[in-house]
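Quick notes on the structure that follows.
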Amino acid sequence: MENGWKWFVAFAAGGFLAGTVAVFLYLLEFNEGYFDPVYDPDGGYVYFIKRQTVGVTWGLGIEFFTAPAQAMAFTDRVSLNRLEVATGRVRELEAWPSTPITRRRVQNYRGRVFQTLTARLRATAPCQVEYRVGMTVNRATRPGVFHLSGVWREGGGPGQRSERGEWTKAPIAMDGGGVSPLHGDSELIAVPGREAYPAAIVAYDHVKETNAVLLKNDEFDMLYGGGVPLDVTRSQSRRSAIERDQTIKRLKDRLVAGFEAVGQSALDAGQSAIEEMQRLGVYPRDATLTARRLDGDFDSGPDSNPDAPPLFDITEAEFKAGLFPDIAAAIGQPGEATDWRGDYAVRRDFDTGARLNAYLDAGNDVFRVRAQGRVFELTLDRQPQ
């Protein structure tokens, strides 16, 4: 009888242990993804960020319907890599063995439960790449925004050493990826995968309309068994935006050089170039005010034309206080469009700003101003062409 109890206890303990292991294996996840692939200037190499995470997740985490899911990453490794296009060989250049979420419980909805990593690489010189990596961490205690940034350079001579980045708790701008994803007709695309881990790096040929897989993770074949659909790469393509930015930059550089050639300082030449690009319609123009001086002299008496736009008296004290700098500029240059600042300041002793704000916020664009014994009609152009 005693041996029977021992067998029962051993069997129960074994079943509990097996069940625990089964649940753990069910919750366990292995994720690998490739971020922001870019060509080097010659197109022979592709730089990219790789992330490898091993951890467990639990909870439904269905956005809009349930609470966030929970996760803990036992390992979360990030590395900068270089792939040789001709051979497919991958070389690891820099590595960071952990991230801000390693061995910490975090929360988020399914699809980004291990938090979302973003990367921006820029390879503008042979054997050199600038990198920025960011992560926003959602956890019950000490949430925050983290980043690492630096420059990897091959070689080690003077001026050629790498500038290794380390994780820092601070935000970083993630725009300005540059033109590096493009080389000839090819564009590098990081195709979507599970849990915000891109499943592959694909070279999309815009002329031949083909996708060539350069690198893939273990989930790729299950997600894209028939190959990456062209609709996926077309939707991810940034070629049009990148080429437009290139054209705008070349135009601005030419304009700045032209203004500097006629004697303007670098600062003035930059501002002149912006104004010229606004005139050409390349940059959107700011809203403007244009003043027209009305005939006749006016004193501070009542307005005699009931059909005219409303008249606002602005005293010299208000101008001196800097409450209406755009109106002062407009009436100082009748007929010239000047920048409209709007949202006029309100002071306890003056209610003109509040009344003007209310009038313009209602959608009105024409008003009159009486100042220095004259009356001006001002026209607001909210979206000048």
Side-chain angles (χ1 to χ4, degrees), residues 13-37 48-81 92 95-120 132-148 166-172 174 189-202 215-225 228 232 235-236:
F16 176 78
L17 180 60
T20 301
V21 171
V23 170
F24 178 80
L25 292 176
Y26 176 75
L27 298 176
L28 190 63
E29 291 193 20
F30 300 84
N31 292 316
E32 179 173 296
Y34 318 112
F35 298 81
D36 202 43
F48 63 96
I49 293 292
K50 178 165 72 173
R51 184 186 184 191
Q52 299 164 293
T53 308
V54 179
V56 292
T57 66
W58 64 97
L60 293 177
I62 303 174
E63 196 163 8
F64 306 119
F65 294 99
T66 72
Q70 308 292 312
M72 178 172 287
F74 303 129
T75 64
D76 194 24
R77 190 174 189 272
V78 172
S79 58
L80 173 68
N81 299 266
E92 186 177 276
W96 295 266
S98 65
T99 72
I101 73 165
T102 304
R103 293 182 293 279
R104 291 182 172 89
R105 184 169 63 89
V106 294
Q107 57 187 17
N108 216 323
Y109 292 100
R110 293 291 177 177
R112 54 189 185 276
V113 69
F114 285 110
Q115 316 303 292
T116 301
L117 182 139
T118 54
R120 288 292 180 271
R132 284 172 286 165
V133 181
M135 180 184 290
T136 300
V137 178
N138 297 315
R139 55 189 181 216
T141 59
R142 294 192 301 163
V145 180
F146 299 81
H147 81 269
L148 59 85
E166 299 295 347
W167 285 106
T168 303
K169 188 175 182 181
I172 188 172
M174 299 302 289
I189 305 286
V191 299
R194 290 183 61 253
E195 282 290 339
Y197 288 73
I201 297 174
V202 169
L215 186 66
K216 62 182 181 179
N217 66 13
D218 292 339
E219 303 286 338
F220 177 83
D221 290 334
M222 181 180 67
L223 297 172
Y224 301 100
V228 180
V232 172
S235 67
Q236 298 286 313

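When reading the values below, keep in mind they use all heavy atoms of this one structure, side chains included, and skip hydrogens, waters and symmetry mates. Here the structure is a predicted model, which is why all the values come from computation and not from measurement.
Of all heavy-atom pairs spanning Arg110 and Ala69, the tightest one is NE-CB, 3.7 Å. Between Pro68 and Gln107, the shortest heavy-atom distance links the atoms CB-CB, 4.2 Å. Val145 approaches Pro171 most closely through the heavy-atom pair CG1-CA, 3.7 Å. Scanning both residues, Val232 and Pro192, for their nearest heavy atoms gives CG1-CD, 4.0 Å.
With salt bridges taken as basic N to acidic carboxylate O contacts below 4.0 Å, one links Lys216 and Asp221.
Considering only heavy atoms from C-beta on, Val78 comes within 4.5 Å of Leu117 through its side chain. The side-chain heavy atoms of Leu148 and Trp96, taken from C-beta on, include a pair separated by under 4.5 Å. Proximity of Phe74 to Val56: side-chain heavy atoms (C-beta onward) are separated by under 4.5 Å at one or more points. Side chains of Met135 and Ile101 form a contact here, defined as non-hydrogen atoms less than 4.5 Å apart. In this structure the side chain of Lys169 never reaches within 4.5 angstrom of the side chain of Pro100, judged on heavy atoms. The shortest distance between side-chain heavy atoms of Thr75 and Ser98 does not fall below 4.5 Å.
Although no hydrogens or angles enter the test, the distance criterion places no donor-acceptor pair under 3.5 Å between the side chain of Arg104 and the main chain of Ala73. Judged purely by atom type and a 3.5 angstrom limit, Gln70 has no side-chain atom pairing as donor or acceptor with the backbone of Arg105. Although no hydrogens or angles enter the test, the distance criterion places a donor-acceptor pair under 3.5 Å between the side chain of Asn81 and the main chain of Ser79. No donor-acceptor pair under 3.5 Å is formed between the side chain of His147 and the backbone N or O of Trp167.
A distance of 11.5 Å separates CZ of Phe220 from CD1 of Ile201, quoted to the nearest 0.5 Å. Taken to the nearest 0.5 Å, the OG1 atom of Thr57 stands 4.0 Å off from the CD atom of Glu29. Distance CG/Asn217 to CE/Met222: 9.0 Å, rounded to 0.5 Å. Atom OG1 of Thr136 is separated from atom CZ of Phe146 by 9.5 Å, given to the nearest 0.5 angstrom. A distance of 10.5 Å separates CD in Glu219 from CD in Glu195, rounded to the nearest 0.5 Å. A distance of 5.0 Å separates CG of Asn108 from CD of Gln115, quoted to the nearest 0.5 Å.
Looking at Asp76 and Thr102, their side chains never bring a donor and an acceptor atom within 3.5 Å of each other. With hydrogens and angles left out, the side-chain atoms of Glu32 and Tyr34 include a donor and acceptor closer than 3.5 Å. Thr99 and Arg51 share no donor-acceptor pair across their side chains, judged by distance under 3.5 Å alone.
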message: Under the criterion side-chain contact (heavy atoms from CB on, under 4.5 Å), I'd like the reasoning laid out for Leu215 against Phe48: C-alpha separation, chi angles, the key distance, then a yes or no.
response: CA-CA 11 Å; Leu215 186 66; Phe48 63 96; 3.5 Å; yes

- request: List the steps and the verdict of side-chain contact (heavy atoms from CB on, under 4.5 Å) for Asp218 and Phe30.
  value: CA-CA 10 Å; Asp218 292 339; Phe30 300 84; over 6 Å; no

- request: Start with the C-alpha gap between Tyr109 and Thr66, add the side-chain angles, then the distance that decides, and say whether side-chain hydrogen bond (donor to acceptor under 3.5 Å, both in side chains) holds.
  value: CA-CA 9 Å; Tyr109 292 100; Thr66 72; over 6 Å; no

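Evaluated for a side-chain contact (heavy atoms from CB on, under 4.5 Å) with Arg120, the options Val133, Asp36, Ile172 yield exactly one hit, Asp36.
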